[in-house]
Amino acid sequence: MRYSRFFIPTLREVPAEAEVVSHKLMLRAGMIKKLASGVYNYLPLGLIVIRKVEDIVRRCMNEAGAIELLMPSVQPAELWKESGRWNYYGKELLRIKDRHDREFCYGPTHEEVITDVVRSFISSYKNLPINLYQIQTKFRDEVRPRFGLMRGREFVMKDAYSFDMDDAGANISYENMRQAYCRIFEACGLKYKVVDADTGSIGGSFSHEFMVLADTGEDFVISCDSCDYSANLEKAVCVDEYTKSADELKPSEDVETPRAKTVEEVAAFLNVPSASIAKTMIVRVDEKLVGIMVRGDHEMNMAKVKNYFSATTVELASHEEIEEATGGPMGFSGPVGMKVPVYGDFAVAAMVNYCVGANLKETHTLNVNHGRDFEFADVDDFRNANPGDKCCQCGGKYVITKGIEVGHIFKLGTKYSASMNATFLDNEGKRQPFIMGCYGIGVTRVAASAIEQNHDEKGIVWPVQLAPFKVCVVPLAVKDEEVMKNAEVIYNTLNRMGLEPIIDDRDERAGVKFNDAELIGIPVRITIGKKTLEKGCVEITVRKTGITEEVPVEGCTERAAAILQELSQNC
RNA sequence: CGGGAUGUAGCGCAGCUUGGUAGCGUACCUGUCUUGGGAACAGGUGGUCGCAGGUUCAAAUCCUGUCAUCCCGACCA
């Protein structure tokens with residue numbers, strides 16, 4: 001590629017809209033351009049990188065025996081009504097109508113469509129298992145798109161769906177995908193972690209997430225410091241490690257706590273540790289209101305609540321609902337006299353003589369005790385894990401790191417095949433629903449997270465595998481015949497060697513070219529200047545280390561190849 | 001959806017308090033000169049100041065509404 005004939009609109013300054021590194025650098029490097037909130041143009045340089053990710057994904061998926069197809073991005077409402085998700089999916093589903101007023105949606109995922117395809121054509125166990133995938137643009141009307149490609153509304157995703165005749169087969173398909181995913185992220189040169197995950201609204205029985213570790217990640221990964229357990233925050237199990245204090249129960253008393261609503265405010269006002277306070281959150285589980293109590297220094301985990309009640313929706317109650325449930329205003333809820341059932345976290349169940357809201361304006365009650373003042377409907381794990389908590393597998397300690405979810409695999413079971421009547425005949429001639437799995441990779445998000453993980457103050461430092469160009473040939477004096485002649489020879493040789501070079505043939509000053517090459521993150525730069533050429537040499541600079549070496553013109557391309565080889569192995 | 005903020009040239013920003021010819025840097029174009037780390041000089045192109053109302057002789061500036069974007073939170077295969 002010739003730089004002068006290509007289209008890389010780099011920016012010297014960061015557009016004000018960008019907050020995180022990958023977003024800033026993608027804008028500055030001329031990879032993307034925003035069209036609307038969460039909707040981006042993929043400019044040529046960005047597209048090359050996205051295609052690289054797609055190629056790796058495609059290769060690994062094919063090797064794993066999956067078969068590519070392409071489904072429509074616009075889907076009829078009927079299929080979604082059939083699976084029950086038309087109502088369930090909520091506002092994230094972009095619903096549209098055609099000219100005949102028929103309802104459609106822009107596909108956020110394709111379980112319905114693939115199930116429809118498979119039930120139409122596969123009716124015998126002899127054709128199973130099968131794993132079909134596509135790489136396609138999705139649209140999810142996110143409440144708050146942010147961070148550029150990291151959380152866009154429109155994005156490119158690889159989604160695969162497996163169909164098996166029985167549970168054992170489905171487990172094999174799942175494991176097969178898990179391994180394929182590891183190969184994919186390794187091939188992309190990313191540092192990642194596989195974690196236990198909640199199944200969320202896609203449903204199903206178990207699930208793993210693939211997290212790229214980066215400080216700017218939106219997800220928290222809980223892992224154990226002494227075994228291989230890791231899970232996302234929603235899922236990470238908090239064990240009941242508490243022993244109830246044998247302290248004598250004190251009589252309870254109401255105290256006024258003016259203007260103190262939050263646990264921190266109450267703790268500060270009463271001058272007690274927040275761990276001696278129990279907060280009571282009113283949540284709406286489907287249509288029912290319940291109270292959930294967690295220790296003041298803990299956070300309630302909505303996913304755990306949702307799973308405990310096997311609910312479809314769990315939301316924090318509105319102010320009106322809180323008054324309805326407690327008879328008191330928001331901020332002062334407590335379990336005593338509550339009109340709805342109260343559930344306690346393990347940690348609360350071990351507390352004695354604790355402080356709770358009194359269900360009265362600006363009042364809390366001290367020395368409350370369950371068993372005496374109120375009863376729990378049940379006790380379970382309802383909170384987020386904290387660093388230092390006991391590992392649920394080995395008793396080690398949890399540590400917390402940030403990650404970006406780039407892949408998610410689910411074992412779906414018969415969720416869709418049952419609701420959509422997708423069946424086959426088994427070897428006894430009996431009709432059975434397919435056992436399904438689904439497997440997603442955020443292709444555009446992989447590109448963004450690669451930048452989060454690989455950058456410095458000068459710009460992007462692409463892993464060789466994802467670099468839009470592998471070598472940047474920089475002739476310093478475009479008008480110098482000797483320099484240009486050598487640059488062209490080197491460039492052509494690199495091209496023949498398949499090293500995907502770009503030659504910066506622009507009539508720009510050295511600084512401009514160096515800065516752009518560094519910004520867009522080309523792994524290896526070959527600099528051809530008059531001075532070094534007089535010695536029969538060129539310079540090779542490695543983007544990642546910044547180290548420059550002088551090598552003879554003869555053999556400089558082989559040296560570049562060797563460096564690239566080494567770089568891709570170190571990833 | 002709750003809270004906060006911002007919309008002025010491709011990008012980054014000033015001007016608004018106290019209404020009176022729309023500015024700076026960068027990018028872009030032309031020329032001279034320069035050429036190993038974002039050169040210099042000279043000249044130039046480009047904006048109905050987000051949009052719609054209102055107040056006023058006069059609105060980027062004041063008022064009302066609206067739209068868009070961003071941040072925090074809630075939510076999220």
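Sequence lines set the chain letters: A, B, ... in the order given, protein chains first and strands last, and positions in each chain run from 1. None of the values given here were measured: they were computed from a predicted structure.
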Problem set entry | Single hit among A:E518, A:E539, A:E549 for salt bridge (charged side-chain N to carboxylate O under 4.0 Å, His left out) with A:R525 | A:E518
For this session: Pick out which of A:R151, A:R153, A:K91 makes a salt bridge (charged side-chain N to carboxylate O under 4.0 Å, His left out) with A:E142.
Result: A:R151
Do the side-chain N or O atoms of [X] get closer than 4.0 angstrom to the phosphate oxygens (OP1, OP2) of [N]?
X: A:R144; N: B:C71; result: yes
X: A:R146; N: B:C72; result: yes
X: A:R12; N: B:G38; result: no
X: A:S37; N: B:C70; result: yes

Considering every strand shown, what is the Watson-Crick or G-U wobble mate of [N] when both distances are under 3.5 Å?
N: B:C11; result: B:G25
N: B:G20; result: B:C57
N: B:C33; result: none
N: B:C51; result: B:G65
N: B:G2; result: B:C72

Would you kindly give the [atom1]-to-[atom2] distance between [X] and [N], to the nearest whole Å?
X: A:K24; N: B:C11; atom1: NZ; atom2: P; result: 17 Å
X: A:K34; N: B:C11; atom1: NZ; atom2: P; result: 10 Å
X: A:E17; N: B:G10; atom1: CD; atom2: P; result: 14 Å
X: A:L35; N: B:A68; atom1: CG; atom2: C1'; result: 13 Å
X: A:E13; N: B:G10; atom1: CD; atom2: P; result: 14 Å
X: A:L94; N: B:C76; atom1: CG; atom2: P; result: 19 Å
X: A:M281; N: B:G73; atom1: CE; atom2: P; result: 15 Å
X: A:D507; N: B:G38; atom1: CG; atom2: P; result: 16 Å

Under 4.0 angstrom, heavy atoms only, what part of the nucleic acid is [X] near: base, sugar-phosphate, or nothing?
X: A:A18; answer: nothing
X: A:E209; answer: nothing
X: A:F155; answer: base
X: A:R525; answer: base
X: A:V478; answer: nothing
X: A:R153; answer: nothing
X: A:M302; answer: sugar-phosphate
X: A:D159; answer: nothing

For this session: Considering only atom P, compute the distance from B:A74 to B:G54 and round it to an integer number of Å.
Result: 43 Å
Problem set entry | Minimum-distance nucleotide to A:F147 side chain [options: B:C72, B:C13, B:G37] | B:C72
Exercise. Looking at B:U34, B:G38, B:C76, which one has an atom nearest to any side-chain atom of A:R509?
Worked result: B:U34
Exercise. Should the ring pair A:Y343 and A:F309 be called parallel, tilted or perpendicular, given that the plane angle runs from 0 to 90° and is split at 30 and 60?
Worked result: perpendicular
Problem set entry | Ring geometry between A:Y439 and A:Y174 (parallel below 30°, tilted from 30 to 60°, perpendicular above 60°) | tilted
Exercise. If you find the nucleotide of RNA chain B closest to A:G442 and the one closest to A:K91, which residue's nucleotide is nearer the 5' end?
Worked result: A:K91
For this session: Between A:E315 and A:K458, name the one whose nearest nucleotide on RNA chain B is closer to the 5' end.
Result: A:K458
Exercise. Between A:I526, A:N486, A:V489, which is the residue that forms a side-chain contact (heavy atoms from CB on, under 4.5 Å) with A:V553?
Worked result: A:N486
Exercise. Does the ring centre of A:F410 sit less than 6.0 Å away from the ring centre of A:H408?
Worked result: yes
Problem set entry | Side-chain ion pair, A:K235 and A:E209, N-O less than 4.0 Å | no
Exercise. Under the 3.5 Å rule, do the base of B:G36 and the side chain of A:T527 count as making a donor-acceptor pair?
Worked result: no
Exercise. Could one point to a donor on the side chain of A:E539 or the base of B:G36 with an acceptor on the other under 3.5 Å away?
Worked result: yes
